[in-house]
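We're numbering straight along the sequence, starting at 1. Computed from a predicted structure; not experimentally measured.
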Amino acid sequence: QVQLVESGGGLVQAGGPLRLSCTASGRTFSMYVMGWFRQAPGKEREFVASISWSGGRTYYADSVKGRFTISRDNAKNTMYLQMNKLKPEDTAVYYCAAKEPTDQSLRITGFGYWGQGTQVTVSS
């Protein structure tokens, strides 16, 4: 089991930056492929980005590629999402997620552990 807690959400103007954090507790953090997802009002939850256990491999949704950067610090049991050039359409609740250690792929499926989410609102 791993517990995930997101932080860093808030209100930001379009074009601005924001950094989200996800802190994990429980089993060894470095064992997990981690990811970020988001859910806007009235829409289904969608994949944002994922990162390998070492941080050496990353994968992004086309909608955020070039603007968002996923990273992790295994010594701090923390994953980050640096979001730049934010757009109003990035407004959503952002969720941190993890896979079982047996699944080391970066595919958008297979995430079984979830945080509670943090709200990001981008004003125009």
Using every non-hydrogen atom in the two residues, find where [X] and [Y] come nearest and quote the distance to one decimal.
X: L86; Y: P17; value: CD1-C, 4.1 Å
X: P101; Y: M31; value: CG-CE, 3.4 Å
X: S124; Y: P88; value: CB-CG, 3.8 Å
X: A24; Y: L4; value: CB-CD2, 3.7 Å

For this session: May I ask whether V33 and V48 are part of the same hydrophobic cluster, defined by side-chain heavy atoms of I, L, V, M, F, W, Y residues being less than 4.5 angstrom apart, directly or through others?
Result: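 In one cluster: no.
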Exercise. With the 4.5 Å side-chain cut-off for hydrophobic clustering, are V120 and V64 part of the same group?
Worked result: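 Shared cluster, yes.
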Can you tell me how far [atom2] of [Y] sits from [atom1] of [X], rounded to the nearest 0.5 angstrom?
X: L81; Y: T118; atom1: CG; atom2: OG1; result: 11.0 Å
X: N74; Y: M34; atom1: CG; atom2: CE; result: 9.5 Å
X: S21; Y: R72; atom1: OG; atom2: CZ; result: 13.5 Å

Pairs touching [range] that satisfy disulfide bond (SG atoms under 2.5 Å apart), sequence neighbours left out:
range: residues 47-94; result: none
range: residues 37-69; result: none
range: residues 37-124; result: C22-C96
range: residues 44-89; result: none

Partners passing side chain to side chain contact (heavy atoms under 4.5 Å, CB included) against [X] (at least two apart in sequence or in another chain):
X: S123; answer: L11, Q13
X: E100; answer: R27, T102, Y113
X: K85; answer: R67

Exercise. Sub-3.5 Å donor-acceptor pair from the side chain of Q116 to the main-chain atoms of V5, do we have one?
Worked result: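 Absent.
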Exercise. Donor-acceptor pair, T91 side chain versus V122 backbone, under 3.5 Å?
Worked result: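 Yes: the side chain of T91 pairs with the backbone of V122.
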Taking the side chain as every heavy atom from C-beta outward, state whether [X] and [Y] have any pair of such atoms under 4.5 Å apart.
X: I70; Y: M79; value: yes
X: S52; Y: L106; value: yes
X: L20; Y: M83; value: yes

For this session: Provide the full list of salt bridge (charged side-chain N to carboxylate O under 4.0 Å, His left out) pairs with a residue in residues 34-48, sequence neighbours left out, each pair given once.
Result: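 Qualifying pairs: R38-E46, R38-D90.
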Exercise. Got a sec, which pairs hit salt bridge (charged side-chain N to carboxylate O under 4.0 Å, His left out) with one end in residues 102-120, sequence neighbours left out?
Worked result: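 Checked against salt bridge (charged side-chain N to carboxylate O under 4.0 Å, His left out) - neighbours excluded - the pairs reaching residues 102-120 are K99-D103.
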For this session: For Y60, enumerate each residue passing the ring pair (Phe, Tyr, Trp, His ring centres under 6.0 Å) test, keeping only those at least two apart in sequence or located in another chain.
Result: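 By the ring pair (Phe, Tyr, Trp, His ring centres under 6.0 Å) rule, Y60 matches no residue at all.
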Exercise. What residues form a ring pair (Phe, Tyr, Trp, His ring centres under 6.0 Å) with F111, not counting sequence neighbours?
Worked result: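 Partners of F111 under the ring pair (Phe, Tyr, Trp, His ring centres under 6.0 Å) test: F37.
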For this session: Please say whether more than 12 non-hydrogen atoms of neighbouring residues, nucleotides or ligands are located less than 6.0 Å from CH2 in W114.
Result: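 Yes, CH2 of W114 has more than 12 neighbouring heavy atoms, counting only those of other groups under 6.0 Å.
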Exercise. Which of these passes ring pair (Phe, Tyr, Trp, His ring centres under 6.0 Å) with F47: W36, Y59, Y94, F68?
Worked result: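 Among the candidates, only Y59 passes.
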Exercise. Got a sec, which hydrophobics cluster with Y80, joining ILVMFWY side chains under 4.5 Å apart, including via others?
Worked result: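 The other cluster members (ILVMFWY side chains, heavy atoms under 4.5 Å, direct or chained): none.
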